[in-house]
Amino acid sequence: MSTTSRMIKSRLLGSCMLLLLTELSADLQLLQWNPHWQCFVWNQTDCRGHAQSALRAMLEDSDIDFANLIEFDDFSNLTSIPDSWAWLQTTCGRDRVALLYNTSRWRIASLGGAGQVGCMISEDRPFIVQAFERIDIATKGSFDALDSVVVIGAHFPHPSRFNESLSDDLVLPLRLALQSVIEASATSEVVLIADTNEFTSTSSDMITSYLELPGNTTMSTSLEQTCCFDNGFSTWGAFDRIIANFGTGMETVVLMDSPLPLWAQQVNPVTQKKGAFHKPIKGILKIAEGHTGSAVTTSSTSTTMSTTTMTLTTSIEAVASTTIVASSPISAASPIETYYLIVVACVACVLLVGLVVKFGRAPRQPPARDLEVCSDDK
């Protein structure tokens, strides 16, 4: 086999294995993004259109499991979201949170009380707490992946003082809703995806503590300066975080470099006030085979990459009324369909590599002695 054929064979095998491992991975791909309302209201240089395109690329490129979107366009009016994702949406006053989930792997838990929404303060700062069940048989069966998880999508209020953490009265509505969903769903694994508005002086351990997440494990994205355009992404703020109370590690990817793309740099033409655009952040939650939910805490790593009908009861009736909007029903691949697709992919990889091996060989050269005989005849 020629060197070129061997290289092609190696690359094809590597690509096939990467594809299959990605499909069978038990890790959770998680996304938090708050482009802020100015992107959609001021909408200079078509910020709305660019944000929608960027979101679609993030969902598809990373095959996101769950995403929390804050102050985004009304999802009930969007047509650019890929078919493999559905969403829950709630508002408090003018503030909006949307929790997206991958319908090829997850479905809303059918148990009563497995979803709650509310406002962390009156008419502001919405949250969604929802239990999900895993549906893809290949990942669930082969890799002993997570069967169910409670996911929080939230927009926290600001602390009352600089460099201090949130007071207990501000987190109480979310904490009570979370406890209710954990009890109703009998699921203790929790993922928080939020703009926490917490300073770097507040650790993710402190957040898991005041929300009273079960267990003693904290897996978190690293404290990145993703906020905001209007303050130059100051080092004192690490607002956007993804936190879990289980897993073996969390990788962090900031999905936009500085400076921001021009479409994200919103400036009021009258007041010259800048918009508070956040950089999107992705967390990859590592889950070991045979997960028990009691992994030892490990440090997170950080890398940077350039961009590219359900009813939930409100958790705190007296705080504010919220509304829920869900996407239209989506036909997700069934577990059997997912299984056969992966089998077909395996067979295709083997056949493709076999063809390369068969037809990519260099022509066989005659033995050296035959060449010498031909030379003598001349």
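Numbering of residues begins at 1 and proceeds along the displayed sequence.
Grouping the Ile, Leu, Val, Met, Phe, Trp and Tyr side chains by contacts below 4.5 angstrom, directly or via other members, places Val171 with Val190. In this structure, Trp87 is a member of the same hydrophobic cluster as Phe72, with clusters built from ILVMFWY side-chain heavy atoms closer than 4.5 Å. When hydrophobic clusters are built by joining Ile, Leu, Val, Met, Phe, Trp and Tyr residues whose side-chain heavy atoms come closer than 4.5 Å, directly or via intermediates, Phe199 is not grouped with Leu170. Linking Ile, Leu, Val, Met, Phe, Trp and Tyr whenever their side-chain heavy atoms come within less than 4.5 Å puts Leu99 and Leu28 in one cluster.
The closest side-chain donor-acceptor pair between Thr252 and Lys282, if any, does not fall under 3.5 angstrom.
Under a 3.5 Å cut-off, the side chain of Gln89 and the backbone N or O of Phe75 do form a donor-acceptor pair. The backbone N or O of Gly237 lies less than 3.5 Å from no partner atom in the side chain of Ser234, so there is not a single donor-acceptor pair.
For Trp263 and Phe277, the ring centers are positioned less than 6.0 Å apart. In this structure, Tyr101 has its ring center at least 6.0 angstrom away from the ring center of Trp106. In this structure, Phe162 has its ring center under 6.0 Å from that of Trp236.
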Open item on the list: Let's go through Arg94 and Asp124 carefully: what are the C-alpha distance in whole Å and the side-chain angles of both, what is the deciding distance for salt bridge (charged side-chain N to carboxylate O under 4.0 Å, His left out) to 0.1 Å, and is it a yes or a no?
Closed with: CA-CA 7 Å; Arg94 292 184 297 177; Asp124 203 4; over 6 Å; no
TODO: Any chance you could lay out the side chain to side chain donor-acceptor pair (under 3.5 Å) test for Ser204 and Thr218, step after step, and finish with the verdict?
DONE: CA-CA 7 Å; Ser204 294; Thr218 298; over 6 Å; no
Task: Pair Asp205-Ser203, side chain to side chain donor-acceptor pair (under 3.5 Å): steps then yes or no - done: CA-CA 5 Å; Asp205 281 319; Ser203 68; 4.8 Å; no
TODO: Evaluate the criterion side chain to side chain donor-acceptor pair (under 3.5 Å) for residue pair Thr187 and Glu189; output intermediate values, then yes/no.
DONE: CA-CA 6 Å; Thr187 300; Glu189 285 76 16; 5.8 Å; no
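Using a 4.5 Å heavy-atom threshold, the side chains of Ile207 and Leu192 count as touching. Put simply, the side chain of Val267 does not reach to within 4.5 Å of the side chain of Gln38, judged on heavy atoms. In this structure, Asp195 and Phe156 have side chains that are not in contact, with every pair of non-hydrogen atoms separated by 4.5 Å or more. Within the 4.5 Å cutoff, the side chain of Arg105 has heavy atoms near those of the Arg134 side chain. Side chains of Val191 and Ile243 form no contact here, defined as non-hydrogen atoms less than 4.5 Å apart.
In summary, of the residues considered (Thr221, Asp240, Thr226), a side-chain hydrogen bond (donor to acceptor under 3.5 Å, both in side chains) with Gln32 occurs for Asp240 alone.
For Gly275 against Trp42, the heavy-atom pair with the smallest separation is N-CZ3, 3.7 Å.
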